[in-house]
Trainee: 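Just passing along the structure, written as structure tokens.
We count ligands from 1, going down the list as the structure has it; atoms in each ligand are counted the same way.
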Amino acid sequence: MDAGTRDTFEQRNPSRLSEVTGLFPLSSKEDTVFAIEAAQSAFLKWKALSPFTRAKYLKKVLALMIGRREEIAKIITLENGKIVPDSLGEIDSAIAEMEFQINEGIRVFGETIPVTIDGVFAYTIKEPLGVVSVISPWNFPFNVPVRKIIPALMAGNTCVFKPASLTPQTGYMFTKLFDDAGVPPGVLNMITGSGSIVGNLLVTDPRIKAISFTGSTEVGMGIHKKAAVHATRTQLELGGKNAAVILEDADIELAVKAVARAAFACSGQWCTSTSRVIVVKKVAKEFTDKLVKATKEIIVGDGFDQNAGMGPVCGTDQFENIMRYIEIGKKEGATLLTGGNIIKNNPFEEGCFIEPTIFSNVKPDMKIAQEEIFGPVLSLIPVENLEEAIAVSNGIIYGLSSSVFTNNLKHAMTFINQTEVGFTHVNLMTSLKEPQLPFGGIKESGVGLPEAGKTGIEFFIKYKSVYMKYN
Ligand code: NAD
């Protein structure tokens, strides 16, 4: 990226910290204001287009995205560290979500509603909000922007987008698709750099009519407070501490497979990763032995290594934070069953590699059972029965995703009815999602309408009621 005369910041490959992946412009406050103004000047023209015309533009973007799938996947792996198949999976998920949201965007229509006054015709119109800001994290640097920006633009809004500082090149690859597809200037604008400076402006500027943010609960709550000053609409997708509950009547093989994938894929850095397993004591030994065996089989390596099943964690801050939690777990008295170490031997010495880690005998009030670690660290919590399992799984501040493994319909329904989350699963991993269903958390995992599904576009729309006397 050409920074012009601006200051720059560098990023490094989390598999090889000596390798600089790029120099990126450190956008200033002035750049941010310029981006907001560009979005504002493009708004009325973009709003005036038929949704079918907007869809035509975005279908061109989609075609380019499909054509550049492998090129973009390489950049995701370079910046984030996730293995190439998971980077490709992220793009495929983004493509599916984009197709769905483009189609949703041509089905935005109001209603005609009978009123009490003779000779008056009344109806509703759904309109775009104006300029919206999108702030995204590094863990899904491509899919999250797609999930937010496509419905925003289809609804007729224009947008200022800030990718995470750890993954600016992926953000740039995404934005460039719009330029190359001929989407009019100003419709989508990107700034890069510090969240606390440029990100903050995207939250506090009164010209921003809605903020769609995905990231940590701490930053999200700060945004929520600031947005209230101008009554700006927010959609905040935040942290999680997702539980998989294993009951005595579970298919243990199925549960082990699902937990091993959802706990350690992308080094446990999915917001929907399983980070707690709440297991009924009767089957705890069988489940634990099989899970430890499956975990030890995971090969950790550079994301470009075809044999690797798990890459590094994304950057040195993540690395230090996760290692700090592993030490906390040991001090709290949990039993370290496997992992817990930095992988230092050649060729790992230069990267942010941590062994997939499992603690057992974890008590529900321990920090490692309560706080989001966001890394390859899993806590196993033993319980007596379903009732206790539900109480433990709900006994946290978060409410993003959950799963129950059981072959008993009554147990499954009890769990579904009582689990405090935005989305839940039976005999499936905590991370499963489809574009047609809403995606978002409750409690301190989310605020505002969920992304994806029908609510994805609803968030970016306002209603106008029209009363017309014709007689
Ligand atoms: P983060 O909160 O540190 O940063 C997210 C984004 O906010 C980045 O672009 C950052 O630059 C920006 N930012 C930072 N400070 C800001 C401020 N004061 N004002 C405005 N913007 C600011 O989160 P992260 O480390 O990038 O991502 C990891 C977190 O994201 C985890 O907690 C994870 O659970 C969460 N996450 C949630 C979901 C979900 O759908 N619920 C999905 C993915 C990730």
Trainee: Quick one: ligand 1 N/O to protein N/O pairs below 3.5 Å?
Mentor:
from, atom 1, to, atom 2, distance (Å)
ligand 1, 2 (O), Ser216, N, 2.8
ligand 1, 2 (O), Ser216, OG, 2.6
ligand 1, 9 (O), Ser136, O, 2.8
ligand 1, 9 (O), Lys162, NZ, 3.3
ligand 1, 11 (O), Lys162, NZ, 2.9
ligand 1, 19 (N), Gly195, O, 3.3
ligand 1, 23 (O), Ser216, N, 3.4
ligand 1, 25 (O), Trp138, NE1, 2.8
ligand 1, 26 (O), Trp138, NE1, 3.2
ligand 1, 30 (O), Gly215, O, 3.3
ligand 1, 32 (O), Glu372, OE1, 2.6
ligand 1, 34 (O), Glu372, OE2, 2.6
ligand 1, 41 (N), Leu238, N, 3.3
ligand 1, 41 (N), Leu238, O, 2.7

Trainee: Mind checking the CE-CG spacing from Met98 to Asn103? Nearest 0.5 Å is all I need.
Mentor: 11.0 Å
Trainee: Kindly write out the residues that satisfy side chain to side chain donor-acceptor pair (under 3.5 Å) with Thr21, not counting sequence neighbours, or none if the list is empty.
Mentor: none
Trainee: Quick one: list whatever passes side chain to side chain contact (heavy atoms under 4.5 Å, CB included) with Pro438, sequence neighbours left out.
Mentor: Pro450, Thr455
Trainee: Quick one: list whatever passes side chain to side chain donor-acceptor pair (under 3.5 Å) with Glu218, sequence neighbours left out.
Mentor: none
Trainee: Just to verify, which of Ile278, Leu337, Val259 counts as forming a side chain to side chain contact (heavy atoms under 4.5 Å, CB included) with Leu380?
Mentor: Leu337
Trainee: Which word best sums up how the rings of Phe142 and Phe174 line up, parallel for under 30°, tilted for 30 to 60°, or perpendicular for over 60°?
Mentor: perpendicular
